[in-house]
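Reviewing the structure listed below.
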Amino acid sequence: MAYLSMGEAHRRITDYLDRFSDAIFSQDVASLKQLLSLSSNSASLLSLAHALDFFQDGNRLLKQSDKYSQFGEIIAPLFRSYQSYRIGNLVDCYHAFEKAANAFVQEFRNWESAWALEALYVIVYEIRVLAERADRDLASNGKSPEKLKGAGSFLMKVFGVLAGKGPKRVGALYVTCQLFKIYFKLGTVHLCRSVIRSIETARIFDFEEFPKRDKVTYMYYTGRLEVFNENFLAADQKLSYAFTHCNPQREANLRMILKYLIPVKLSIGILPNNLLLEKYNLVEYSNVVQALKRGDLRLLRFALQEHEDRFLRSGVYLVLERLELQVYQRLLKKIYIIQKQKDPSKAHQMKLEVIVKALKWLDMDMDLDEVECIVAILIHKNLVKGYFAHKSKVVVLSKQDPFPKLNGKPVNS
């Protein structure tokens, strides 16, 4: 470690104090953001932490000037946080940063204008990230990870500060999105409902006035919630909005949206092209799409098995598994087309044993009763128009539109 003189340590600390107070007095949010961005690992903040270790009475400097002391409740715990971060003690770092954050929010509440909103965003982001890292440390040491849950409670307080009238309310959506990230990480997605209700039902919010970045993130997470609740039409609307309005340069974000949008589109009968899958490296969906096109149940099950872990982690496995009905519909349609070519007058009469043979050709061993049950479900779900002639084991298809298209509606509608 490089030698640091007492004078240089003193200079670094007073320089930070000057920059912090000047940023607030001049309402310089760009400078204030840099002074709060702990996890950025900036050289200036790391050098400050080094100075604080060397000049161990840094807090005394806060009391020497009214210019500094009025921000002492923010800066003193910030100093402790920087020192803990530098030595890798992320639990203590989180505790100290949360204390500083609480003090900052109190100051922010008293400021009439929203000039410091971007600085508040930095604090909200840091709280979430530090909590995640602190929880990883706690878990690795056999202790209960609880900081992220605490971060969620803190962010709800921040949301309350922003959710009133006035220019500060545009920050509510950013905080909401950070809360979503916490709730999804913790597996407590039901907690999203209260903030969604506040955003979507309160008259004080006009969704279009929020920044585009926050609207895209909000639609992405609420779209995922709709997938979780099997509301595929709403999921399609929200995820499509997120994809359309996302920055086209952010390919990683676009890919993340498509991981959920593609299964939703498939569930309502809309198939993506291979170019899209290749562009965003989502080839795990290629065989799923081919299975739907061919009516190949074996291929669908192979695709689900091959990428089971990935689909389960994304939470879309059950959505994809339910595509089996569409695959069966496509298989029956192919049989119908072949029969129509051979004998148009009898194409609408499909023997169940023919379907059994087609499934055996795909290495799917089913008996007549199982096939009859599947066809009955297809008729019930309006994927096939027709009725059973039970005695002759024949399904009689409608002569008009025997295989209705989903037209953007989920199978279960």
Side-chain angles (χ1 to χ4, degrees), residues 29-30 33-34 37 39-40 117-122 124-126 128-129 132 170-185 189 192 195-196 199-200 205-228 231-290 292-293 303 307 310-311 313-316 319-320 407-408 410:
V29 71
K33 284 167 60 180
Q34 292 177 355
S37 299
S39 65
S40 66
L117 202 53
E118 291 285 337
L120 185 66
Y121 292 167
V122 170
V124 166
Y125 172 82
E126 293 289 341
R128 179 181 66 80
V129 171
E132 287 182 5
V170 297
L173 201 63
Y174 179 86
V175 177
T176 296
C177 294
Q178 295 299 315
L179 278 166
F180 285 166
K181 291 178 181 181
I182 289 174
Y183 295 152
F184 273 82
K185 184 85 172 178
V189 294
C192 297
V195 284
I196 291 173
I199 293 292
E200 296 189 353
F205 293 118
D206 178 359
F207 190 71
E208 290 308 314
E209 75 179 273
F210 293 116
K212 180 186 284 189
R213 170 199 64 188
D214 299 339
K215 288 189 290 186
V216 168
T217 306
Y218 180 83
M219 286 298 199
Y220 165 71
Y221 278 105
T222 53
R224 283 184 61 183
L225 281 172
E226 298 294 2
V227 174
F228 181 77
N231 298 325
F232 296 123
L233 292 179
D236 179 39
Q237 178 188 2
K238 292 174 183 290
L239 292 169
S240 293
Y241 179 100
F243 186 75
T244 303
H245 293 84
C246 185
N247 184 337
Q249 303 301 317
R250 302 278 183 152
E251 286 203 7
N253 290 346
L254 290 166
R255 183 180 184 276
M256 200 158 52
I257 296 167
L258 284 171
K259 280 172 63 178
Y260 298 94
L261 183 56
I262 288 172
V264 167
K265 291 288 189 185
L266 292 174
S267 72
I268 58 178
I270 301 171
L271 277 58
N273 60 50
N274 287 330
L275 290 176
L276 182 77
L277 300 181
E278 291 171 5
K279 179 179 179 180
Y280 293 102
N281 191 27
L282 290 164
V283 292
E284 63 264 30
Y285 290 110
S286 297
N287 280 338
V288 176
V289 174
Q290 287 303 314
L292 284 165
K293 288 180 178 179
H307 302 289
R310 190 175 299 182
F311 292 146
R313 283 197 304 270
S314 299
V316 299
V319 179
L320 297 171
N407 291 325

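In this chain, numbering begins with 1 at the start of the sequence shown.
With hydrogens and angles ignored, the 3.5 Å screen pairs no side-chain donor or acceptor of N231 with any backbone N or O of A234. No side-chain donor-acceptor contact under 3.5 Å links E118 to the backbone of A30.
Residue R224 holds its CZ atom at 13.5 Å from CG of L261, rounded to the nearest 0.5 Å. Taken from CG in L276 to CG in L254, the straight-line distance is 9.5 Å, to the nearest 0.5 Å. K238 contributes atom NZ, which lies 13.5 Å from atom NZ of K215 (distance to the nearest 0.5 angstrom). Here CG of L233 is found 6.0 Å from CD1 of I268. Values are rounded to the nearest 0.5 Å. Taken to the nearest 0.5 Å, the CG atom of L292 stands 12.5 Å off from the CD1 atom of I270.
Taking a cutoff of 4.0 Å between a charged side-chain nitrogen and a carboxylate oxygen, E251 and R255 do not qualify as a salt bridge.
Using the six-membered ring where Trp is involved, H245 and Y241 have ring planes that are parallel, under 30° apart on the 30 and 60° scheme.
Contact check for V227 versus V319: side-chain heavy atoms found under the 4.5 Å cut-off. Within the 4.5 Å cutoff, side-chain heavy atoms of D236 are placed close to those of K265. Residues L239 and M219 have side chains not in contact (no heavy-atom distance under 4.5 Å, counting atoms from C-beta outward). In this structure, the side chains of F184 and L225 come closer than 4.5 Å at one or more pairs of heavy atoms. The side-chain heavy atoms of Y260 and Y220, taken from C-beta on, include a pair separated by under 4.5 Å. By the 4.5 Å heavy-atom criterion applied to side chains, N253 and M256 are counted as neighbours. When side chains are defined from C-beta on, Y218 does not count as touching F210, because their heavy atoms never get closer than 4.5 Å.
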Give the intermediate values and the outcome of side chain to side chain contact (heavy atoms under 4.5 Å, CB included) for residues S37 and Y125. CA-CA 9 Å; S37 299; Y125 172 82; over 6 Å; no

List the steps and the verdict of side chain to side chain contact (heavy atoms under 4.5 Å, CB included) for C177 and R213. CA-CA 10 Å; C177 294; R213 170 199 64 188; over 6 Å; no

Please test N274 against Q290 for side chain to side chain contact (heavy atoms under 4.5 Å, CB included), starting from the C-alpha separation and ending with a verdict. CA-CA 10 Å; N274 287 330; Q290 287 303 314; 4.2 Å; yes

Intermediate values then yes/no, side chain to side chain contact (heavy atoms under 4.5 Å, CB included), F180 and I196: CA-CA 10 Å; F180 285 166; I196 291 173; 3.6 Å; yes

Can you give the donor-acceptor pairs under 3.5 Å from side chains of residues 277-285 to other protein atoms, not counting sequence neighbours?
from: E284; atom 1: OE1; to: R310; atom 2: NH1; distance (Å): 3.1
from: Y285; atom 1: OH; to: K259; atom 2: O; distance (Å): 2.8

